[in-house]
Amino acid sequence: MSTATPNTLLKTLLQNPSSIKTRSQAKQLHAQILKSTSSSSLINTILSIYSNLGLLQEAHLTFSTLVDPPTLSWKSIIRCYTSHGLFHQSIASFIGMRAFGKYPDHHIFPSVLKSCTCLMDLKLGESVHACVIRLGLDSDLYTGNALMNMYCKLQQCREEGPKSPNLNEHQVYDKTPARRLFKESLNNLSSSSDSGNGFLQRESSSLSSKQTADTETCNNFDHRVDGFVHRNANIEFSDCPCIIVDGIPLRWDSKEVFCMESVRKVFERMPVRDIVSWNTLIAGNAQNGIHREALMIVREMGLAGLKPDSFTLSTVLPIFAEYVDVSKGKEIHGYAIRNGLISDVFIGSSLIDMYAKCTRVEDSRRVFDLLPQHDAISWNSIIAGCVQNGLFDEGLRLFRQMVISKMKPKHVTFSSIMPACAHLTTLHLGKQLHGYIIRSRFDDNVFIASSLVDLYAKCGNIRIARWIFDKIELPDMVSWTAMIMGYALHGWANEALSLFRQMEMENVRPNYVAFVAVLTACSHFGLIDESWKLFHSMSRDYGIAPGLEHYAAVADLLGRAGRLEEAYELISTMHIQPTACVWSTLLGACRVHKNLELAEKVAEKIFKLEPDNMGSQVLMSNIYSAAGRWKDAASLRIAMKGRGMRKKPACSWIEVKNKVHAFTADDKTHPYYDKIHEALQVMSEQMVREGYVPNTDDVLHDVEEEQKRYILCSHSERLAIAFGIISTPYGTTIRVTKNLRVCVDCHTATKFISKIVGREIVVRDVSRFHHFKDGKCSCGDYW
DNA sequence: ATAGGGTTAG
């Protein structure tokens, strides 16, 4: 081999190092260099080539051969370490370089600062900043951007200034109340105000000049006109919900919590700013909850002559998602379409999420379908969007598709999909997922563990739920709440209460939902004093304004204890508008305690709020019947019939061998009906011998006692239990789910049946559910 | 040097 060829090759290659594209090319070149020369400058070149190609191993080895690496080599190795996530090594090399007396240049600081950011080490970052200033490199664009990014990300590490006494984190960060308020306000908003106050166009001249353009683009996308946009236009992102209870405002704009001073300072001192600088500043504000400021900077950026790019948009979209502002979200969507940014996966998943959070999953779905490529996050967004909007079956279907298309689920995927199984109480699916989770080693993730706790609790397996809960190393508020709610659903009030106290002892702050859980537990067990204490402690100690659920739980409790007037008083003085639902619990209590006078008063309120509320009309008519006021009862029923109202039959179902069997009352369509009926008869006789006395109070039909007993016996949950007994092996726990409250007699009967057959029977009632028709579930594929 | 997704709800 002649020596001329490789040398010429070397020369040409080294003049243009970016022509080396692959690992083998780089290694060949390296070999040639070692063979032909011992020049260290060529070694530096090959090191930077390795570093550029992201070849950590090769770069590391090459670097370690250098005795006194020049600045260029330090630069290469630091960048290589940082880009491979070896932040400690990156910092160590930086320190080593200083020790060797080498002066870092402006190429080094972005990597070093990124390492500080990823290590969450603000102190270190600040001293690096000092170093930057001493070297006079703070005017460098890249360094400035990296500094800003660091201060944005490490905002939380900074000691927060003096806290106002009532300020607590979850109030500021919990997104749910805002969304809840929004959904409630939808019912109240009827005026359609003009939504054309284009957010992007208003001041930024660089954007579309025609104000109608966005609307047009969006209309091409969205053919439906459902008034949502207009109704929504009243909600401004500046309207941070603030509830006043006893003169104390309970929510603050998070702006007061964070200060972006250092970021702003760096930004303002930068002599040159590019789009990255602006985007960093916007993202910093957005992610620290200072949304209004973030949006203002977008406009400012437009005035500075820079067009929002895909980074800007995917930073801004989550803001509109959080404030449920679909009209502004659609503006961004239109802007993305017009500027050819629509195939960007980042924008895509932000749009999917935004539409989903605005309860418009169909639109999320369309964005998803139109994306040329799906990554794990866009899959997660669409799956989470479906599940969060109650489309559990669709969520599961998409999850399957995701797995089929060889996209590996990430841990977020599991925490998004588990609630679907929990709500559908499909334990077999949940168990499969649990297996998948363990195999993927995601089982130590708090989010996933919390949803597993919820899943097992909802599926009636409270012990396994507790077992999973106990294995969580650092349970967060949601884990505690899921477990407490599990106990509440199973009627284990004392466990729920002691867990709640334990949570408080461990300094985990309960939030809105945690109080719903613990109050529900009290309410199921009739613990009036406890629930009053909790109810008051909620606003007093934690600054949480009681919501509908809390009022409902306490009112229900008072009502069931016969303290009807107190319950009435509580509901009447609520600081929010009571709904028909809250009044209905009191109406139920009026029936139990036979207080016709109050019942009429309450019913009037309900009928005014919800003229079509069938349950209450049936309830009221039953109250009249029980009081012997047949005429009133009849007239109510006739009125209902006249308006074409019919009560939907309740339905129970049981999962046997991965198949769901659904029953309605007196349902004779099941293929094993004869056997079920026979089993029920045998059991009924046995139950009576065991001392069972049917409680026919709930059966208000004007029929003979004998007939009443038959009606009780043919309730859907009993059919389902009987089917469970004859079709599952002895010793198996029978888990029946019902989509309305379990009747009192069935509750008693279940205990007797359980005793007779020597098996645990769990009847769970769920009010929100998927649809059953002719004994089949609407999501047949999954059963 | 900058961006998107997650758990609990009588």
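So that the names make sense, note that chain A is the first sequence line, chain B the second, and so on, each numbered from 1.
- Within 4.0 Å (heavy atoms only), A552(A) reaches no atom of the nucleic acid at all.
- At a cut-off of 3.5 angstrom, the base of dA3(B) holds no donor-acceptor pair with the side chain of T315(A).
- Contacts of T520(A) with the nucleic acid, taken as non-hydrogen atoms under 4.0 Å apart, involve only primed sugar atoms and P, OP1 or OP2.
- With hydrogens and angles ignored, a donor-acceptor pair closer than 3.5 Å exists between the side chain of D375(A) and the base of dG4(B).
- Residue S450(A) has its side chain nearest to dT7(B) when only dT8(B), dA3(B), dT7(B) are considered.
- In this structure, CZ of F515(A) is placed 14 Å from C1' of dT8(B), rounded to the nearest angstrom.
- The closest side-chain heavy-atom distance from L141(A) to M270(A) is below 4.5 Å.
- Computed from coordinates, the L433(A) CG to dG6(B) P distance equals 18 Å when rounded to whole Å.
- Atom CE of M483(A) is separated from atom P of dT7(B) by 19 Å (rounded to the nearest Å).
- Across all strands shown, V453(A) has no heavy atoms under 4.0 Å from either base or sugar-phosphate atoms.
- With Y542(A) as the aromatic partner, R509(A) does not meet the cation-pi criteria of under 6.0 angstrom to the ring centre and within 45 degrees of the ring axis.
- Across dG4(B), dT8(B), dA1(B), the shortest atom-to-atom separation from the side chain of S314(A) is found for dG4(B).
- For the pair N145(A) and dT2(B), the criterion of a side-chain N or O lying under 4.0 Å from OP1 or OP2 is not met.
- Using a 4.0 Å cut-off between a side-chain N of Lys or Arg and a carboxylate O of Asp or Glu, R466(A) and E495(A) do not qualify as a salt bridge.
- The side chain of T481(A) has dT8(B) as its nearest neighbour among dT8(B), dT7(B), dG4(B).
- Between K153(A) and the phosphate of dA3(B), there is a side-chain N or O to OP1/OP2 separation shorter than 4.0 Å.
- Across all their heavy atoms, I383(A) and F399(A) have their closest contact at CD1-CA, 3.7 Å.
- To the nearest 0.5 angstrom, K328(A) atom NZ is 11.5 Å from C358(A) atom SG.
- Put simply, CD1 on I332(A) is 14 Å from C1' on dG4(B), counting in whole angstrom units.
- Look at Q388(A) and you won't find any side-chain N or O under 4.0 angstrom from OP1 or OP2 of dT8(B).
- In this structure, of dG6(B), dA1(B), dT7(B), it is dG6(B) that holds the atom nearest to the side chain of N445(A).
- When distances run from any side-chain atom of A553(A) to the nucleotides dG4(B), dG10(B), dT7(B), the shortest one goes to dG10(B).
- Salt bridge annotation for E268(A)-R273(A): absent, with no cationic side-chain nitrogen under 4.0 angstrom from a carboxylate oxygen.
- Counting any heavy atom pair closer than 4.0 Å across all strands shown, S349(A) reaches a base atom.
- Look at CZ on F311(A): it is 8 Å from P on dT2(B), rounded to the nearest Å.
- Residue D309(A) contributes atom CG, which lies 13 Å from atom P of dT2(B) at whole-angstrom precision.
- The side chain of K357(A) places an N or O atom within less than 4.0 Å of a non-bridging phosphate oxygen (OP1 or OP2) of dG6(B).
- The nucleotide whose nearest atom lies closest to any side-chain atom of A283(A) is, among dG10(B), dT8(B), dA3(B), dA3(B).
- As rounded to whole Å, 9 Å separates atom C1' of dG10(B) from atom CG of L489(A).
- We find that OH of Y355(A) is positioned 19 Å from P of dG4(B), with the value rounded to whole Å.
- A donor and an acceptor atom never sit less than 3.5 Å apart when one is taken from the side chain of T280(A) and the other from the base of dT2(B).
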